[in-house]
Amino acid sequence: MENNLNPTANMNTNANAKDESVLDHVQVHVKDLRPSLTFYRAILDALELGHTLRVDKNYFSANEFMVDANPQAKACPIHVAFSAPSEEAVRRFHLAGLEAGGKDNGPPGIRQLHDPNYYAAYLHDPDGNNVEAVFHRPPRNSNGHPPPRADD
């Protein structure tokens with residue numbers, strides 16, 4: 001079997017193909033649930049996702065994202081990116097996360113390395129996980145306007 005490292009070698013190029021999530025859920029283990037709940041509640045509210053938060057005595061979750069307490073958990077930082085509905089929401093996420101005990105890991109702004117339309121901010125949560133909010137700007141043409149739609 002050939003090991004093909006070409007990132008587009010096996011991509012489905014059918015424009016009509018249904019987008020499917022490759023993740024069922026993400027679970028993060030933290031040492032102390034209380035500061036993590038404060039942090040995640042603040043950023044989820046800033047991203048207009050606070051209504052998805054469910055809290056139990058041993059864990060909390062927001063749809064497919066789950067956090068539980070494990071005082072013996074070894075440091076194994078992860079990176080998780082939340083979708084933001086706007087650039088303003090990314091800025092609110094960053095500010096709310098800082099106010100809730102997060103540490104700055106990249107202020108709001110365009111990330112040219114990813115894409116010229118990738119607007120994101122990064123924080124470290126109380127356990128050192130890299131938490132991101134990203135808004136994907138609509139594509140723009142050379143004069144800064146959105147390209148014409150096919151039905152225009």
Side-chain angles (χ1 to χ4, degrees), residues 5 7-8 11-13 15 17-56 59-71 73-152:
L5 296 180
T8 60
M11 288 182 67
N12 183 346
T13 56
K18 180 183 171 199
D19 286 336
E20 294 182 33
S21 176
V22 297
L23 296 176
D24 182 76
H25 68 278
V26 173
Q27 185 170 359
V28 177
H29 302 293
V30 298
K31 291 183 186 290
D32 186 350
L33 205 56
R34 189 173 306 245
S36 292
L37 178 58
T38 299
F39 174 81
Y40 283 101
R41 177 177 278 142
I43 66 169
L44 289 169
D45 284 345
L47 293 171
E48 301 170 20
L49 297 170
H51 65 281
T52 67
L53 187 65
R54 303 290 177 261
V55 181
D56 188 87
Y59 70 92
F60 60 89
S61 63
N63 291 346
E64 297 82 15
F65 181 73
M66 180 180 201
V67 177
D68 66 4
N70 181 348
K74 294 183 180 176
C76 183
I78 63 154
H79 173 95
V80 62
F82 292 98
S83 293
S86 65
E87 291 179 26
E88 177 59 32
V90 171
R91 291 188 288 273
R92 287 193 312 261
F93 155 89
H94 194 256
L95 183 60
L98 291 173
E99 291 174 351
K103 300 209 180 331
D104 178 46
N105 193 31
I110 290 292
R111 299 305 193 263
Q112 286 285 349
L113 178 65
H114 297 304
D115 181 293
N117 297 311
Y118 195 101
Y119 190 89
Y122 302 86
L123 295 163
H124 282 138
D125 75 3
D127 285 82
N129 294 299
N130 185 25
V131 182
E132 172 185 2
V134 60
F135 172 70
H136 296 277
R137 287 179 165 175
R140 304 252 176 216
N141 60 23
S142 61
N143 66 6
H145 294 83
R149 295 186 329 214
D151 58 351
D152 286 346

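- Using a 4.5 Å cut-off on side-chain heavy atoms (C-beta onward), N130 and I78 make no contact.
- Summarising the geometry, atom CD belonging to E64 is positioned 9.0 Å from atom OG1 belonging to T52; distances are rounded to the nearest 0.5 Å.
- In this structure, CZ in F60 is found 12.0 Å from CZ in R34, a value given to the nearest 0.5 Å.
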Side chain to side chain contact (heavy atoms under 4.5 Å, CB included) between R92 and I43: does it pass, once the steps are laid out? CA-CA 8 Å; R92 287 193 312 261; I43 66 169; over 6 Å; no

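- Across all non-hydrogen atoms, the minimal contact from P126 to P35 is CG-O, 3.7 Å.
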Trace of the side chain to side chain contact (heavy atoms under 4.5 Å, CB included) decision for V90 with V134: CA-CA 7 Å; V90 171; V134 60; 5.9 Å; no

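- Aromatic pair H136/Y118: centroids less than 6.0 angstrom apart.
- With values rounded to the nearest 0.5 angstrom, F65 atom CZ is found 10.0 Å from L53 atom CG.
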For Y40 and D125, what are the C-alpha separation, side-chain angles and deciding distance, and is it a side-chain hydrogen bond (donor to acceptor under 3.5 Å, both in side chains)? CA-CA 8 Å; Y40 283 101; D125 75 3; 2.6 Å; yes

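- Here K103 contributes atom NZ and L123 contributes atom CG; the two are 10.5 Å apart, rounded to the nearest 0.5 Å.
- When all heavy atoms are compared, the tightest approach of L47 to A84 is CD2-CB, 3.6 Å.
- The closest side-chain donor-acceptor pair between H25 and N63, if any, does not fall under 3.5 angstrom.
- When every heavy atom of P107 is checked against every heavy atom of R111, the shortest pair comes out as O-NH2, 2.6 Å.
- Distance CZ/R54 to CE/M66: 13.5 Å, rounded to 0.5 Å.
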Pair N70, H29 - check side-chain hydrogen bond (donor to acceptor under 3.5 Å, both in side chains), show working. CA-CA 6 Å; N70 181 348; H29 302 293; 4.8 Å; no

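- A distance-only check finds no donor-acceptor pair linking the side chain of R137 to the backbone of N117 [under 3.5 Å].
- With contacts defined as side-chain heavy-atom distances shorter than 4.5 Å, the pair V131/F93 qualifies.
- The structure places OG1 of T38 at 13.0 Å from CD of E99, a figure rounded to the nearest 0.5 Å.
- Considering D127, V28, D68 in turn, D127 is the only one that fulfils the side chain to side chain contact (heavy atoms under 4.5 Å, CB included) rule with S36.
- Without hydrogens or angle criteria, N105 side chain to H124 main chain gives no donor-acceptor distance under 3.5 Å.
- Judged by distance alone, the side chain of R91 and the main-chain N or O of P108 form no donor-acceptor pair under 3.5 Å.
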